[in-house]
Amino acid sequence: MSNASSTKTTMTSDNQSATLLDGKALAKQIEQELRTRVDTLKEKTGRTPSLATILVGDDPASATYVRMKGNACKRVGMDSIRVEMPSTTTTEQLKAKIDELNNNPDVHGILLQHPVPDHVDERACFEQIDLAKDVDGVTCLGFGRMAMQQSAYGSCTPQGIMHLLDYYNIELAGLEAVVVGRSAILGKPMAMMLLNANCTVTMCHSKTQDLAAHIKRADIVVGAVGVPELIKAEWIKKGAVVVDAGFHPTDNGGVGDIEMTGVADIASAYTPVPGGVGPMTINTLIRQTVEAAEKAAGL
Ligand code: NAP
């Protein structure tokens, strides 16, 4: 990959060429480092880091995500345990399964694939995950600890975005950040992470009036809405950092939550879609599971 870490990206009004925040390449590089850490752990302790994934129901997109996570485990030499439960699973049955995994010393991280069927209390099931195994950063306790800058695994997508921004030396302190979307797994933790990095943060959502006005004054924009190209390129401020968490497949590949046509000429840095945020999400899950295994082994 290009030696992007040497690039100092700051807000500028006359940027010549925007930095591509290449999540795919960075994730590949981190995987190599993780492979070494997994090997070391195996040599020192005889233990292999293991991620348990739980898929409830038969949503094809969720099944694909779970498969991708299992494949990422394999690539770094980790184990993964795939738990599949029928769509008729009750909240109590799912909580009992999570407890079983909490008590299994061979499991270091637990991922409950979101969303679960409507009749299941997803929040209650997330809360059942032991903090030490909450490598997807979904529990209230984990969120609170992250917000208070205490040790915790952050929610993987925003944590992956922070890693990407850090790798490319994006200077965040003092920037006006606008996060569009306020979900528990993405928008909220993203806003908190940017606040902790000393940005001045605005959170936008479906009831926000005049979204364009907020985006127009943003030095960094994060699209986390789930609406194809909701955020228009013409709203992006010259020199802004543009991060797009969305992905919506199209005949030509896919688009994100931000209209990217022309953004390379406006922004100082931007994530491609695909190949920006997505690979960093899975990578963060794997990295946090390796960390959990290292902690469990006392390393
Ligand atoms: P979500 O739970 O559906 O939340 C969407 C958020 O966007 C909500 O807070 C909603 O506001 C807000 N919103 C919806 N329409 C809006 C509008 N017209 N104007 C302003 N805000 C609006 O979605 P999510 O799970 O956070 O995911 C968001 C996006 O990120 C999706 O594109 C998803 O595919 C993507 N994603 C990517 C990854 C990855 O690994 N790359 C991981 C997770 C999610 P209200 O709260 O008012 O309803």
Side-chain angles (χ1 to χ4, degrees), residues 21-27 30-31 51 53 55 59-72 111-116 118 122-123 126 135-138 143 153-165 177-194 201-216 218 221-232 235-236 242-250 253-260 270-289:
L21 305 173
D22 191 340
K24 194 173 169 188
L26 178 57
I30 296 170
E31 271 192 6
L51 173 71
T53 60
L55 177 64
D59 175 53
S62 293
T64 302
Y65 289 134
V66 166
R67 200 167 39 249
M68 287 164 74
K69 288 161 188 172
N71 290 341
L111 169 111
L112 172 57
Q113 184 63 44
H114 156 94
V116 295
D118 286 347
E122 182 177 84
R123 178 47 45 201
F126 279 153
V135 292
D136 199 24
V138 292
F143 179 92
Y153 300 113
S155 181
C156 290
T157 304
Q159 194 70 70
I161 290 170
M162 292 305 284
H163 200 133
L164 191 60
L165 296 172
V178 173
V179 179
V180 190
R182 58 174 167 181
S183 72
I185 58 155
L186 217 176
K188 273 186 194 144
M190 183 80 257
M192 198 50 72
M193 288 176 198
L194 289 168
V201 182
T202 301
M203 295 179 74
C204 297
H205 46 77
S206 65
K207 308 291 185 292
T208 296
Q209 296 185 12
D210 204 351
L211 180 62
H214 290 287
I215 305 287
K216 282 177 182 173
V221 182
V222 180
V225 239
V227 180
E229 299 187 315
L230 175 82
I231 298 160
K232 303 300 171 203
W235 302 346
I236 305 290
V242 177
V243 176
D244 195 340
F247 180 67
H248 312 276
T250 63
V255 296
D257 293 347
I258 303 177
E259 184 188 52
M260 282 293 179
Y270 68 101
T271 56
V273 176
V277 173
M280 291 305 295
T281 299
I282 294 185
N283 188 262
T284 302
L285 178 72
I286 302 305
R287 183 170 52 80
Q288 297 194 146
T289 307

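Note that ligands are numbered from 1 as they come in the structure, with each ligand's atoms numbered from 1 the same way. No hydrogens, no waters, no symmetry mates; every other heavy atom, side chains included, goes into these values.
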Among all the protein's non-hydrogen atoms, which is closest to [atom], and how far away is it?
atom                    : result
atom 40 (O) of ligand 1 : T281 OG1, 2.8 Å
atom 8 (C) of ligand 1  : R182 N, 3.9 Å
atom 41 (N) of ligand 1 : A245 O, 3.4 Å
atom 14 (C) of ligand 1 : V225 CG1, 3.7 Å
atom 25 (O) of ligand 1 : I185 CD1, 3.7 Å
atom 17 (C) of ligand 1 : L230 CD2, 3.7 Å
atom 34 (O) of ligand 1 : F247 N, 4.4 Å
atom 21 (N) of ligand 1 : H205 C, 3.1 Å

- Query: In this structure, which one of V227, I258, L211 forms a side chain to side chain contact (heavy atoms under 4.5 Å, CB included) with V180?
  - Reply: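 With V180 as partner, side chain to side chain contact (heavy atoms under 4.5 Å, CB included) holds for just one option, L211.
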
- Message: Counting only heavy atoms not in F143 (residues, nucleotides, ligands), do more than 12 fall under 6.0 Å from its CZ?
- Response: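 Counting neighbours around CZ of F143, more than 12 heavy atoms of other residues, nucleotides or ligands fall under 6.0 Å, so yes.
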
- Considering residues, nucleotides and ligands other than D118, do more than 12 of their heavy atoms fall under 6.0 Å from its CG?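 Not buried by this count: 12 neighbours or fewer within 6.0 Å.
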
- What atoms in ligand 1 come closer than 4.0 Å to a heavy atom of D257?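 What qualifies from ligand 1 is 29 (C), 32 (O).
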
Could you tell me which non-hydrogen atom of [X] sits nearest to which non-hydrogen atom of [Y], and how far apart they are?
X    : Y    : value
M203 : G181 : CE-O, 4.4 Å
Q113 : S62  : CG-CB, 3.7 Å
A245 : L186 : CB-CD1, 3.9 Å

Relative to [atom], which among [options] owns the nearest non-hydrogen atom?
atom                    : options          : value
atom 4 (O) of ligand 1  : G226, S183, G276 : S183
atom 10 (C) of ligand 1 : P279, G278, S206 : S206
atom 27 (O) of ligand 1 : L186, T208, T157 : L186

- Once you round to the nearest 0.5 Å, how far does CG of D244 lie from CG of L21? 11.5 Å

- Note on the structure: Value for CG (L230) from NE2 (H248), rounded to nearest 0.5 Å, stands at 9.0 Å

- Query: Does ligand 1 have a heavy atom under 4.0 Å from the side chain of I282, from its backbone, from both, or from neither?
  - Reply: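 Answer for I282: neither.
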
- Query: Taking C-beta and beyond as the side chain, do N283 and E31 meet within less than 4.5 Å on heavy atoms?
  - Reply: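 Yes. Closest side-chain heavy atoms under 4.5 Å.
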
